[in-house]
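Data block below; observations after.
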Amino acid sequence: MNFGLNMKPTKPNKLLCCFLILVSCLFTVSCGEKAGNSGEELLCGFESYEELVNVRYLTFFGKVSQQDKSGELGSYISEGKYGLKVEVKGDYTKKAMPAMVLDTVIMSRRSTNEEYGFVTKSDFSGVSALKMEAYNANDSEQKISLCLQTENEPYNMLTTPITVSIAPKTYKTCVFELDREFISHYLDLKRVTQIRLLFENETEYMQPQRVFFIDNLRALKGANKSDASKKYRVENELESADRPEYLKEWVLIGEDDGFYRPCTLNYSFAFKKSGMGSFYIENAFQTGYWGPFNSDHEEGILFTGKLNPSEKNKIAYSVYNDWTENINHFAVIDGQSLASIEIEPKKWIECTAEFSGEINTFALNFVLTGSEPARVYIDEIYFT
C-alpha cells in the first residue's frame with residue numbers, strides 16, 4: 001500500500017545538525033548547573049528517612065519533620081523531593097545551644113560496636129566553606145551557626161562556630177566560610193568527625209518554638225578567602241578563650257585514680273564574660289560516680305603554649321562558679337601555688353596572679369565536689 005511517502009534516504013542538512021548539537025549542549029549545561037556546581041559536594045540533602053534518623057539532636061532540641069513540595073514549607077525545596085522542617089526549642093535553664101549533629105564515616109557512634117556516621121566526607125582540608133539553604137519562618141531575625149568536630153587525643157575538639165543571620169520571613173543561602181589557616185594551625189581538617197548546626201536557645205519558659213526550613217548541606221571546594229587568622233594571639237593575651245581551637249594549648253591536670261578522668265575541659269559559645277566564648281572545667285562527666293561517697297578532688301588546667309609576658313608582672317583573669325556552693329581556687333606559676341580564693345556561686349569574679357621575672361608555666365586549679373555536677377567557667381586571661 002502506498003501512502004505517498006518517499007522512503008529514499010537523504011543526506012543530512014549540515015546546518016540543522018549544528019543547530020541540534022548546540023541546543024543539546026546548552027540543555028546539558030543547564031541541567032548540570034541545576035544538579036549542583038562542580039566545585040560543590042552534597043553532604044546531606046535530607047532526602048531519606050535514614051538521613052533523618054541518623055542525625056542526632058542535642059539540648060532539648062525540639063522536633064524535625066520531612067517536607068515534600070505539598071508540605072507547609074515545601075515551596076522552598078530548590079532541589080530533590082524533600083527538605084526539613086525544623087522546630088527549635090532548647091532549654092532556657094541551660095547554657096548550651098540546641099544542636100543538630102551529623103556524624104561522618106570516621107565517627108564511631110557506639111563504643112560497644114562498629115556503628116559509624118552517614119556523612120561520607122571526612123577530609124575537609126580542601127573545603128573553603130559549607131553552604132545550606134534555609135528559610136526563617138519566624139517574625140524576628142534568627143541566627144544559625146555551624147562548626148566541625150575533629151579527631152584529637154585525648155578527646156575530639158570543635159572548631160569555632162561560624163554564624164549567619166537570617167531576617168524574618170526570609171529565604172537565604174547560608175555560606176559558612178572556614179578559616180582554614182587558623183583551624184589547621186591547631187587541628188586536623190583531614191579527620192573531621194562531625195558537622196554541627198547550632199540554633200539559639202530559648203530565653204524563657206514556654207517560649208514558642210522557632211520554625212525553620214533547611215535543605216541541601218554542601219561543601220564548597222577552592223581557595224580560602226579568610227585572612228582573619230594572620231595573627232593567632234593578640235598582644236598581652238595569654239588566653240582569650242574566644243575560640244575552641246585554643247583548647248589545644250591546655251591540658252587537664254590533677255587527681256586521677258587511674259580508672260576514669262574525673263574532669264573535662266570544654267568550650268562554651270553561648271556563655272562568656274566577654275568576647276566570643278569561654279572555657280569551662282567540669283567534674284564527674286560519668287554520672288554513675290556522683291554521690292555523697294565521693295570526696296572533693298583538686299583539678300586544674302595547665303597552659304602549654306608560648307608564654308610571652310614582656311614587661312608585665314601580673315596575670316588577670318575571670319572565673320564563674322556555676323555550682324551552688326563556694327569553690328576553692330588558686331593559680332600556680334612555675335609550680336608555686338598562690339593564695340587561694342573562694343569563688344562565690346553564680347557571678348563572674350575577677351582574679352589576679354602576680355609574678356616577677358620570666359615565667360615558664362601557668363595553671364589554674366580548682367577544688368571540685370565529687371557529690372554532684374559542678375562547673376567553673378574561665379575567660380579573658382591577660383598579662384597586665
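What you see below is based on every heavy atom in this structure, not just the backbone, and it leaves out hydrogens, waters and symmetry mates. Bear in mind the structure is a predicted one, so any value in this text is a computation, not a measurement.
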N-O pairing of [X] and [Y] below 4.0 Å:
X: Glu87; Y: Arg210; answer: no
X: Lys248; Y: Glu245; answer: no
X: Glu202; Y: Lys94; answer: no
X: Glu40; Y: Lys131; answer: yes
X: Glu235; Y: Lys312; answer: no

Say you draw a straight line from [atom1] of [X] to [atom2] of [Y]; how long is it, rounded to the nearest 0.5 Å?
X: Asn283; Y: Ile327; atom1: CG; atom2: CD1; answer: 8.0 Å
X: Ile195; Y: Gln149; atom1: CD1; atom2: CD; answer: 11.5 Å
X: Leu43; Y: Thr120; atom1: CG; atom2: OG1; answer: 7.5 Å
X: Cys44; Y: Ile214; atom1: SG; atom2: CD1; answer: 8.0 Å
X: Phe46; Y: Lys85; atom1: CZ; atom2: NZ; answer: 16.0 Å
X: Glu47; Y: Leu84; atom1: CD; atom2: CG; answer: 10.5 Å

Donor + acceptor pair across side chains of [X], [Y] (<3.5 Å):
X: Glu344; Y: Asn326; result: no
X: Thr93; Y: Asp91; result: yes
X: Gln194; Y: Thr104; result: no
X: Ser140; Y: Gln142; result: yes
X: Glu342; Y: Asn328; result: yes

Could you check if a side-chain atom of [X] sits within less than 4.5 angstrom of a side-chain atom of [Y], using non-hydrogen atoms only?
X: Val175; Y: Leu130; answer: no
X: Leu198; Y: Ile144; answer: no
X: Lys273; Y: Ser278; answer: no
X: Phe213; Y: Asn136; answer: no
X: Leu73; Y: Tyr171; answer: no
X: Met132; Y: Arg218; answer: no
X: Ile378; Y: Ile301; answer: yes

Cluster link [X] to [Y], ILVMFWY, side chain under 4.5 Å:
X: Tyr382; Y: Val332; value: no
X: Phe61; Y: Leu146; value: yes
X: Val192; Y: Ile106; value: no
X: Trp323; Y: Tyr320; value: no
X: Leu189; Y: Tyr155; value: yes

### Message
Both conditions, 6.0 Å and 45 degrees, for the charged tip of Arg243 above the ring of Tyr267: are they met here?
### Response
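Judged by the rule (NZ or CZ under 6.0 Å from the ring centre, within 45° of its axis), Arg243 is not positioned above Tyr267.
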### Task
Determine, for Phe269 and Lys272, whether the Lys NZ or Arg CZ falls below 6.0 Å from the six-membered ring centre while staying within 45 degrees of the axis.
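That pair qualifies as a cation-pi contact.
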#### Entry: Intermediate values then yes/no, side-chain contact (heavy atoms from CB on, under 4.5 Å), Glu181 and Tyr232
CA-CA 10 Å; Glu181 180 186 346; Tyr232 299 118; 3.9 Å; yes
### Message
Would Thr150 and Asn152 count as a side chain to side chain donor-acceptor pair (under 3.5 Å) here? Give the steps.
### Response
CA-CA 6 Å; Thr150 63; Asn152 190 69; 5.9 Å; no
Examine [X] together with [Y] and report whether their ring centres are nearer than 6.0 Å.
X: Phe355; Y: Phe362; answer: no
X: Phe271; Y: Trp348; answer: yes
X: His329; Y: Tyr317; answer: yes
X: Phe182; Y: Tyr246; answer: yes

Is the number of heavy atoms from other residues, nucleotides or ligands within 6.0 Å of [atom1] ([X]) greater than 12?
X: Phe303; atom1: CZ; value: yes
X: Lys121; atom1: NZ; value: yes
X: Lys306; atom1: NZ; value: no

### Task
Output, in order, the C-alpha distance, side-chain angles, deciding distance and verdict of side chain to side chain donor-acceptor pair (under 3.5 Å) for Asn216 and Glu79.
CA-CA 8 Å; Asn216 298 325; Glu79 184 180 324; 4.7 Å; no
### Query
Run the side-chain contact (heavy atoms from CB on, under 4.5 Å) check on Arg233 and Glu239 step by step: do they pass?
CA-CA 8 Å; Arg233 300 282 191 178; Glu239 182 55 76; 3.0 Å; yes
### Task
Mind running side-chain contact (heavy atoms from CB on, under 4.5 Å) on Asp296 and Leu368 for me, showing each step along the way?
CA-CA 6 Å; Asp296 294 350; Leu368 300 178; over 6 Å; no
### Query
Do Thr163 and Ser145 pass the side chain to side chain donor-acceptor pair (under 3.5 Å) test, and can you show the C-alpha distance, the side-chain angles, and the key distance before you say yes or no?
CA-CA 4 Å; Thr163 301; Ser145 302; 2.7 Å; yes
### All pairs passing ring pair (Phe, Tyr, Trp, His ring centres under 6.0 Å) where residues 122-148 contributes a residue, at least two apart
Tyr76-Tyr135
### Query
Going through the checks in order, is the side chain to side chain donor-acceptor pair (under 3.5 Å) test met by Glu177 and Ser128?
CA-CA 6 Å; Glu177 186 179 340; Ser128 60; over 6 Å; no
### Query
Quick one: ring-ring contact (aromatic ring centres under 6.0 Å, His included) partners of Tyr280, sequence neighbours excluded?
Tyr377
### Task
From the options Lys347, Arg375, Lys95, select the one residue that forms a salt bridge (Lys or Arg N to Asp or Glu O under 4.0 Å) with Asp322.
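That would be Lys95.
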